[in-house]
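Here's the structure we're looking at; comments come further down.
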Amino acid sequence: MVGGKQDDNHPHQNCSNAYLHLLGGSATRTVPGPHPLKVVRSAKLIGVTVSDQLTWKLHVTTTVRSAAYRLYMLRRLKSLGTPADELKRIYIIFILSKLMYASPVWSSSLTCTQQQQMENVQKRACRIILGPAYTDYDHALCTLDLPTLATRHQAALVKMGRRGLLRHSRLRHLLPPDAPQPIHATQHINVVMPLKAPRTDRYHHSAIPSIVRAINN
């Protein structure tokens, strides 16, 4: 990964303060060329925080913190008498979008604790939107016509697989080949070839195996 600052007046020239990121590894590394190799324990790639342990703990922490910070917006608007339907729309645009950003990449690998941390942000938002009318989370979801975050994450995973990877010619190679049609009638037909049984739980719950299972199911 390349980091550093670039002169906007000379975008095509190498800048002296550029450096290369190495995710993990030893603290001191050398690399041929003018730029040093900076070892980091985490890095943000297109808005997604990746750690050298290949877990999503740091990403969940930063996402929950950022989304929870925006709940103040709902509280302020609620105090000014904004109707619930408008508050719901603001929540979807400014807060839910943070909780859903790039979710097919990381949502299938979340632990139960991490998933609950994400869900708690929506729970707090529902409490703010409904005010005294809030009784419990399930009733709030029904009243506001909102699915759980886990449901949204799963739907985004399926959409990514069926409408993205399967249909895009430049991304199709990320999935296994199409499954052959069965000779005899069957109740279940795989869309793509199932992957071999993963050796680790981490790989089993990672994005591509989860997308394959979602597509076939």
Side-chain angles (χ1 to χ4, degrees), residues 1-6 11 14-15 17-70 94-122 148-166 168 170-176 195-215:
M1 295 178 291
V2 180
K5 297 181 180 179
Q6 189 174 20
N14 292 331
C15 46
N17 63 342
Y19 53 82
L20 295 174
H21 271 161
L22 175 66
L23 194 61
S26 59
T28 57
R29 294 289 296 274
T30 58
V31 61
H35 305 306
L37 190 61
K38 182 179 180 180
V39 177
V40 295
R41 295 305 173 190
S42 65
K44 182 169 286 189
L45 303 176
I46 323 178
V48 178
T49 305
V50 183
S51 73
D52 61 347
Q53 300 298 316
L54 299 180
T55 66
W56 301 108
K57 180 179 180 180
L58 184 57
H59 177 73
V60 169
T61 300
T62 55
T63 298
V64 168
R65 183 186 299 118
S66 176
Y69 180 78
R70 299 186 180 192
F94 294 102
I95 301 175
L96 181 61
S97 59
K98 293 288 294 183
L99 300 174
M100 292 297 299
Y101 180 75
S103 64
V105 175
W106 46 263
S107 62
S108 61
S109 299
L110 297 184
T111 65
C112 293
T113 300
Q114 291 167 348
Q115 184 65 55
Q116 190 59 50
Q117 286 179 295
M118 306 280 284
E119 204 76 50
N120 284 342
V121 178
Q122 178 164 277
T148 64
L149 277 182
T151 300
R152 285 187 182 272
H153 288 158
Q154 181 63 20
L157 195 72
V158 174
K159 183 178 179 180
M160 177 68 177
R162 289 186 176 274
R163 299 185 183 181
L165 302 185
L166 270 180
H168 201 294
R170 295 185 178 180
L171 301 176
R172 181 60 184 85
H173 69 282
L174 296 175
L175 296 177
L195 295 172
K196 294 182 179 180
R199 296 182 178 180
T200 63
D201 287 341
R202 178 178 293 181
Y203 176 64
H204 176 75
H205 293 294
S206 62
I208 294 300
S210 297
I211 288 176
V212 169
R213 291 193 300 273
I215 291 174

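Because the structure is predicted, anything quoted here is derived from the model rather than measured. Note that the numbering runs from 1 along the sequence shown for the chain.
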May I ask you to decide if [Y]'s main-chain N or O and [X]'s side chain share a donor-acceptor pair within less than 3.5 Å?
X: Arg152; Y: Met100; answer: no
X: Ser51; Y: Ser42; answer: no
X: Thr61; Y: Lys57; answer: yes

Are the side chains of [Y] and [X] in contact, using a 4.5 Å heavy-atom criterion?
X: Leu165; Y: Arg172; value: no
X: Thr49; Y: Thr63; value: no
X: Val60; Y: Gln115; value: no
X: Val64; Y: Met118; value: yes

For [X] versus [Y], what's the shortest heavy-atom pair and its separation?
X: Pro104; Y: Leu157; value: O-CD1, 3.5 Å
X: Arg162; Y: Ala214; value: NH2-O, 4.4 Å
X: Val121; Y: Ala68; value: CG1-N, 4.3 Å
X: Ser103; Y: Ala156; value: OG-CB, 3.7 Å

I need the [X] [atom1] to [Y] [atom2] distance, nearest 0.5 Å.
X: Leu99; Y: Leu149; atom1: CG; atom2: CG; value: 5.5 Å
X: His204; Y: Ser109; atom1: NE2; atom2: OG; value: 10.5 Å
X: Ile211; Y: Ser108; atom1: CD1; atom2: OG; value: 7.5 Å
X: Leu175; Y: His168; atom1: CG; atom2: NE2; value: 13.0 Å
X: His59; Y: Lys44; atom1: NE2; atom2: NZ; value: 8.5 Å
X: Thr55; Y: Gln114; atom1: OG1; atom2: CD; value: 7.0 Å

Item checked: Worked check of side-chain contact (heavy atoms from CB on, under 4.5 Å) between Trp56 and Thr111 -> CA-CA 9 Å; Trp56 301 108; Thr111 65; over 6 Å; no
Check: Can you tell me if Ser210 and Arg213 form a side-chain donor-acceptor pair at under 3.5 Å?
Finding: yes
Checklist line | Geometric class of the His153/Trp106 ring pair [parallel <30°, tilted 30-60°, perpendicular >60°] | finding: perpendicular
